[in-house]
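Residue indices begin at 1 and follow the sequence shown.
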Amino acid sequence: MALIAVAADKGSPGATTTAVALAALWPRRALLAEVDPAGGDLVYRSAREDGRPLDPGTGLLSLAATARRGIAAEQLWDHSQRVSGGLDLIVGLTSSDQGTGVSGQYGALGKAFAELARSPHEEAAADVVADCGRLGPDSPALALLPHAAVVLLVTRTQPENLAHTRERALALSAKLHGQHRGAAQHGRPPIGLLLVTEPSQGGRIASQVNEMLTAAGSGARVAGLLAEDAAGADQLAGRRRGRVDKSLLVRSVRKVVSDLHQTYRELAPAVTGAVGTLPPQPPAGAAPPSHGRAPVPPQYGAQGPRTPAPVPPGGPWPPPTAPPAGGGYGYPAPGNGYGYPAPGHGPHGGHR
């Protein structure tokens with residue numbers, strides 16, 4: 001099973017940007033699904049391979065109608081569209097008003113998403129990265145989460161953002177793992193936080209957040225750090241030209257992808273190779289590469305397969321390690337105290 005659910009609690013911390021980057025950098029074939037009940041953005045941001053607009057009627061809306069009659073995982077491809085660059089996408093709703101007809105189908109959709117990676121048809125198998133949007137207590141997307149391999153909450157690092165995310169992690173733990181304090185430590189799916197922060201501050205802040213989460217008994221852990229990089233986010237969304245493969249944002253997401261595969265054996269391909277190589281962008285109009293499957297967007301490079309890594313002992317998350325010199329994206333060593341990270345780590349960009 002390899003459904004990766006990406007969500008947020010409040011504001012616009014960058015859940016959609018993160019989901020796009022994860023799917024684009026994923027070392028196996030990936031299908032990006034916008035399942036935010038409030039509506040998606042990618043139908044407006046993206047275009048088809050031929051340059052024409054995406055069809056808003058082919059996506060979550062048509063998929064939910066099919067799911068009422070039962071859906072096989074392989075049928076997901078009938079509701080996807082190939083965007084410019086080669087990424088496969090199930091576009092979301094165009095408005096929250098359409099959510100009424102979808103709200104009862106999230107459980108069936110989550111099951112189909114999870115089963116797609118196990119399809120006996122090699123040409124159809126893929127992992128699914130689902131952008132769930134904001135997960136409020138009444139969000140119908142909550143029914144999708146029990147089918148996920150991991151739930152990733154994206155948050156900024158101001159005290160108020162972390163407080164809201166901590167409470168959301170506690171609520172999700174109670175819903176997914178039971179009411180007993182600490183039960184989430186070994187619960188499935190595990191809940192991880194992705195912190196949007198400046199790289200130079202990431203190690204210290206992640207250490208403090210991990211201690212805060214432990215003190216609250218949430219069972220959640222910091223799963224990775226996302227660089228605060230407004231320019232990189234704009235490049236990823238196509239609003240700005242530049243070498244997106246060299247951006248701090250893409251470099252940080254690549255580290256998150258690598259850590260996820262090191263943590264979860266079921267997410268790692270069973271073949272050897274390298275991961276994380278992003279060659280320069282091809283000339284405009286160049287055809288996407290062909291790998292005998294849906295191609296990886298050329299601006300992110302063709303990702304080779306990866307050697308599966310063993311699951312580390314002692315729990316669902318890797319043991320913390322000291323961050324690399326100069327500020328990196330590794331897990332920090334535990335610090336002292338349970339306070340929130342102090343503000344002052346720089347301005348925040350416009351991730352969405």
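- Proximity of a side-chain donor or acceptor of T214 to a complementary backbone N or O of N210 within less than 3.5 Å is detected.
- Closest approach of A114 and H147 over heavy atoms only: CB-O, 3.4 Å.
- The shortest distance between side-chain heavy atoms of I191 and S173 falls below 4.5 Å.
- Between the side chain of R168 and the backbone N or O of L135, at least one donor-acceptor pair lies under 3.5 Å.
- No side-chain heavy atom of V102 sits under 4.5 Å from any side-chain heavy atom of P140.
- The two residues E34 and D41 have their closest heavy-atom pair at OE2-N, 2.9 Å.
- Not one N or O on the side chain of D234 forms a donor-acceptor pair closer than 3.5 Å with the backbone of R240.
- E49 and G86 make their closest contact through OE2-CA, 4.1 Å (heavy atoms, listed as atom of the first residue, atom of the second, distance).
- Looking at residues two or more places apart in sequence or on another chain, you find a salt bridge (charged side-chain N to carboxylate O under 4.0 Å, His left out) between D50 and R48.
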Walk me through it: do L225 and K255 pass the test side-chain contact (heavy atoms from CB on, under 4.5 Å)? CA-CA 8 Å; L225 305 175; K255 179 63 167 66; over 6 Å; no
What do the steps show when you test V154 against T17 for side-chain contact (heavy atoms from CB on, under 4.5 Å), and what is the final call? CA-CA 10 Å; V154 183; T17 298; over 6 Å; no
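- Put simply, the side chain of Q201 never gets that close to the backbone of E198: no donor and acceptor are under 3.5 Å apart.
- Atom CD of E115 is separated from atom CD of E74 by 8.5 Å, given to the nearest 0.5 angstrom.
- For the side chain to side chain contact (heavy atoms under 4.5 Å, CB included) test with R254, the passing option among V256, V257, V250 is V250; the others fail.
- In terms of heavy-atom proximity, P13 sits nearest to V196 at O-CG2, 3.5 Å.
- For the atom pair S258 OG and L25 CG, the distance stands at 11.5 Å (nearest 0.5 Å).
- Looking at S207, its side chain never comes within 3.5 Å of a backbone N or O of R204 through a donor-acceptor pair.
- Put simply, CZ on R166 and CE on M212 are 6.0 Å apart, with the number rounded to the nearest 0.5 Å.
- L153 has its side chain within reach of L172: a pair of non-hydrogen atoms, C-beta onward, lies under 4.5 Å apart.
- The shortest distance between side-chain heavy atoms of R45 and T16 falls below 4.5 Å.
- Within the 3.5 Å criterion, the main-chain N or O of E123 finds a donor-acceptor partner in the side chain of R29.
- Of all the heavy atoms in A8 and A15, the pair that sits closest is CB-CB, 4.3 Å.
- Distance check, rounded to the nearest 0.5 Å: CG of L152 to CG of L260 gives 6.0 Å.
- The backbone N or O of V35 lies less than 3.5 Å from a partner atom in the side chain of Y106, making a donor-acceptor pair.
- Every residue two or more places apart in sequence or in another chain was checked for a salt bridge (charged side-chain N to carboxylate O under 4.0 Å, His left out) with D131, and none qualifies.
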Donor-acceptor contacts under 3.5 Å from residues 55-64 side chains, at least two apart:
{"unit_1": "D55", "atom_1": "OD1", "unit_2": "G57", "atom_2": "N", "d": "2.9"}
{"unit_1": "D55", "atom_1": "OD2", "unit_2": "T58", "atom_2": "OG1", "d": "2.8"}
{"unit_1": "S62", "atom_1": "OG", "unit_2": "G59", "atom_2": "N", "d": "3.1"}
{"unit_1": "S62", "atom_1": "OG", "unit_2": "G59", "atom_2": "O", "d": "3.1"}
{"unit_1": "S62", "atom_1": "OG", "unit_2": "H79", "atom_2": "ND1", "d": "2.8"}

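- In terms of heavy-atom proximity, A169 sits nearest to A220 at CB-CB, 4.1 Å.
- How far CD of E228 is from CG of L249: 9.5 Å, rounded to the nearest 0.5 Å.
- Note on V151 and L170: separate hydrophobic clusters, where clusters join Ile, Leu, Val, Met, Phe, Trp and Tyr whose side-chain heavy atoms are under 4.5 Å apart, directly or indirectly.
- Residues I71 and L116 are members of one and the same hydrophobic cluster, defined by side-chain heavy-atom contacts under 4.5 angstrom among Ile, Leu, Val, Met, Phe, Trp and Tyr.
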Trace of the side-chain contact (heavy atoms from CB on, under 4.5 Å) decision for T94 with Y44: CA-CA 9 Å; T94 55; Y44 305 112; 3.6 Å; yes
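- Both L236 and V83 belong to a common hydrophobic cluster when Ile, Leu, Val, Met, Phe, Trp and Tyr are linked at side-chain heavy-atom distances under 4.5 angstrom.
- Between W26 and L32, every side-chain heavy-atom pair lies at or beyond the 4.5 Å cut-off.
- Using a distance-only test at 3.5 Å, with no hydrogens or angles considered, a donor-acceptor pair links the side chain of S80 to the main chain of W77.
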Test side-chain contact (heavy atoms from CB on, under 4.5 Å) on L3 and L144; report intermediate values, then the result. CA-CA 10 Å; L3 165 61; L144 178 146; 3.9 Å; yes
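- When side chains are defined from C-beta on, V128 does not count as touching I4, because their heavy atoms never get closer than 4.5 Å.
- Of the listed residues (L213, T165, L193), just one forms a side chain to side chain contact (heavy atoms under 4.5 Å, CB included) with S218, and that residue is L213.
- In this structure, the side chains of D88 and R82 come closer than 4.5 Å at one or more pairs of heavy atoms.
- We find the CD-CD1 distance between Q81 and I90 to be 10.0 Å, quoted to the nearest 0.5 Å.
- Using a 4.5 Å heavy-atom threshold, the side chains of L93 and D36 count as separate.
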